[in-house]
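Report on the structure given below.
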Amino acid sequence: MKLTKYLSYCAMAALIVMMMAATFVEKFSGNAAAFRWVYHNPLFLVLWAMTAVCGLIFLIRRGTPRKLFTMGIHAALAVILSGALVTYLSGTSGSIHLREGETSSAFEMEDESPATLPFRIRLDSFAIDYHPGSKMPSDYSSDVVFLPEGKAVHISMNNIGKYKGYRFYQADYDEDGKGSILAVSHDPWGVGITYAGYLLLLISMIGFFSEKDTAFRAALRRVASFTAAVALFALLPSQSASARPVDVQEGISTAEQLYVSVGLPRVQAMVCLTLGIVLFVAGLVLISKKRKYPAWVLTAGAVVALLMWLYLTLVIGLRWYVSGTGPYVGRYNVMMLMAWFATLAVLLLYRRFPLIQPLGFLLSGFTMLLASRDGAGLQITPLMPVLQSPLLSLHVLSMMMSYTLFGLVAFNGIMGVAVPSREVSEKLMDVSLVVLYPAVFLLTSGTFLGAVWANISWGSYWAWDPKETWALVTLLVYSFTLHGGALKPFRSARFFHWYTIGAFLCVLITYFGVNLILGGMHSYA
């Protein structure tokens, strides 16, 4: 049993290192080199197989099948990997370029080799729709006819054209507006298998929180009541990413004027950072003496958190009202959204978890400071057509909520390392575990929601773009923290805290490092 355990975890560690390296290979040597040396390397495929097969054997021998939802999570990951393998072995993807009135069956594969469709396609017309009063496109669309049947199909952003098992997506267009580039995808089995894995994973993750005798339940019993931890899920509001047209060239409304006047949270950021540092230091002193925060301190902190949350709600709401789009794209939007989640977490959890106050104030202060440095973020521009999808809101909200929770765990880890008491450090480890389970599950959900969105928008649910690759790296890195029962080092509170501090670097690289250094399709996010 030990052999299968070590093979599985060592293979996963090797995959993490290879994927990290691949993103830099792509940056300096190009996409083709990254695929040749890493993503399509036989060793890469073997390591994924070892991770899945050895992991499942280890779980079965350990008696995990008795825990239905825990086993379901791991089985779902195996199904997703199986779907990816089927896509790799039998799927076809590429692009076809058509000028208006042109008929063709020839297209180019992803590796730039020529290929032929089993039918012909004619482009009757291509059109660009613009946001009213601006030159920003709101949609691209192609009217095509599939021959010899003569079936007419309208293809636009987030509106797939389907014919005889092939899917066509609006990918690009010629500068003169007379030609269209369509992404071509043919994957009759892989997508279905992968989506089945996504569904099983979602059901299993939801069911996991009702499962008895899990590490999550054990940590929860040692920390607080179940009700307090479930409050973490109240952070997910029901929102829509649909955009309403805005004339960005005309006069500034009262709402816009108010938004511009209060939109940069410099003072608020400094207040949160100062309060967070003071409470953090005070917490270390009190914990070392095995004392708690005075009730008046917690009440005062809650009042400040409420004021900050109301301020953030006002700014986010004003921007949403003016632009017609939710806070899902752009550094300013995302940083303000993370600060909103952090202050809400403080309000919901400070009575059960008093240490959430310094951690929440530090995280919201840092994120608001980053937002205030991005002055250009106040400018409101229409969304790119590909971003006008309802799935975007769920994807971004899940990712940002997970990043917020990981940030709280990192600050908690700093406190866990700083306190001299082993007993207190172990207590803080339990707090981190209670937060890590929903954080990892939210990251997993957000990553796979993004995959579904990508499949609808670009014709491929996984393209090894640097952003999605680092999101997967982050998911795998944090997954080690949830397997303390199998991995002895993670039972040590000191090691656990140092690991969560280091793991947060993956979050920072995923969001900031990719944008600033690695680039890719997600560099707008």
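Along the sequence shown, the residues carry numbers beginning at 1.
From Met429, atom CE reaches atom NE2 of His497 across 7.5 Å, with rounding to the nearest 0.5 Å. One distance of note links NZ of Lys67 with CD1 of Ile73; it measures 11.5 Å at 0.5 Å rounding. Once rounded to the nearest 0.5 Å, the distance linking OH of Tyr39 with CG of Asn31 reads 8.5 Å. Here Leu344 contributes atom CG and Leu306 contributes atom CG; the two are 10.5 Å apart, rounded to the nearest 0.5 Å. Here CG of Leu472 is found 11.0 Å from SG of Cys506. Values are rounded to the nearest 0.5 Å.
Here the side chain of Gln170 pairs no donor or acceptor atom with the backbone of Tyr140 at under 3.5 angstrom. A donor-acceptor pair under 3.5 Å is formed between the side chain of Gln357 and the backbone N or O of Leu298. Within the 3.5 Å criterion, the main-chain N or O of Pro466 finds no donor-acceptor partner in the side chain of Lys27. Although no hydrogens or angles enter the test, the distance criterion places no donor-acceptor pair under 3.5 Å between the side chain of His74 and the main chain of Leu59. Under the 3.5 Å distance criterion, the side-chain polar atoms of Glu26 are left unmatched by any main-chain donor or acceptor of Phe28. For the pair Lys467 (side chain) and Thr510 (backbone), a donor-acceptor distance under 3.5 Å is present. Not a single donor-acceptor pair under 3.5 Å links the side chain of Ser425 to the backbone N or O of Ser421. Not one N or O on the side chain of Ser492 forms a donor-acceptor pair closer than 3.5 Å with the backbone of Pro489. Listed for the Ser204 side chain is no donor-acceptor partner under 3.5 Å among the backbone atoms of Leu201. Arg491 contributes a side-chain N or O that, together with a main-chain N or O of Gly484, makes up a donor-acceptor pair within less than 3.5 Å.
Comment: Lys427 does not engage Glu423 in a salt bridge, judged by the lack of any side-chain N to carboxylate O separation of less than 4.0 angstrom.
Below 30°, between 30° and 60°, or above 60°: for Phe216 and Tyr437 the angle between ring planes is above 60°, a perpendicular geometry. Relative ring orientation between Tyr461 and Tyr198 is described as perpendicular, the plane-to-plane angle rising above 60° on a 0-90° scale split at 30° and 60°. Classification of the Phe44-Trp48 ring pair by plane angle, with boundaries at 30° and 60°, yields perpendicular.
No side-chain heavy atom of Lys292 sits under 4.5 Å from any side-chain heavy atom of Pro354. Using a 4.5 Å heavy-atom threshold, the side chains of Met336 and Pro265 count as touching. Under the 4.5 Å side-chain criterion, counting only non-hydrogen atoms from C-beta, Ser364 is not in contact with Met308. For the pair Val431 and Val434, the minimum side-chain heavy-atom distance is 4.5 Å or more. Between Thr51 and Leu81 the shortest side-chain heavy-atom distance does not fall below 4.5 Å. Counting heavy atoms from C-beta on, the side chains of Phe341 and Met338 never come closer than 4.5 Å. Between Phe406 and Leu443 there is a side-chain heavy-atom pair separated by less than 4.5 Å. Taking 4.5 Å as the limit, every side-chain heavy atom of Phe495 sits out of range of all side-chain heavy atoms of Leu487.
The residue from Ile80, Thr447, Thr194 that alone fulfils the side-chain contact (heavy atoms from CB on, under 4.5 Å) condition with Trp462 is Thr447. The one candidate from Tyr478, Trp498, Tyr9, Tyr499 that meets the ring pair (Phe, Tyr, Trp, His ring centres under 6.0 Å) condition with Phe490 is Tyr499.
You'll find the ring centres of Phe209 and Phe441 inside the 6.0 Å limit.
Taking each heavy atom of Ala339 and Met368 in turn, the nearest pair found is CB-CG, 3.7 Å. When all heavy atoms of Thr343 and Ala305 are compared, the pair lying nearest together is CB-O, 4.1 Å. Nearest heavy atoms, Leu347 versus Ala302: CD2-O, 3.5 Å. Nearest heavy atoms, Val417 versus Arg494: O-NH1, 2.9 Å. The two residues Val507 and Thr474 make their nearest non-hydrogen contact at CG2-CG2, 3.8 Å.
For residues 400-417, the side chain to side chain donor-acceptor pair (under 3.5 Å) pairs, not counting sequence neighbours, are Asn412-Ser432.
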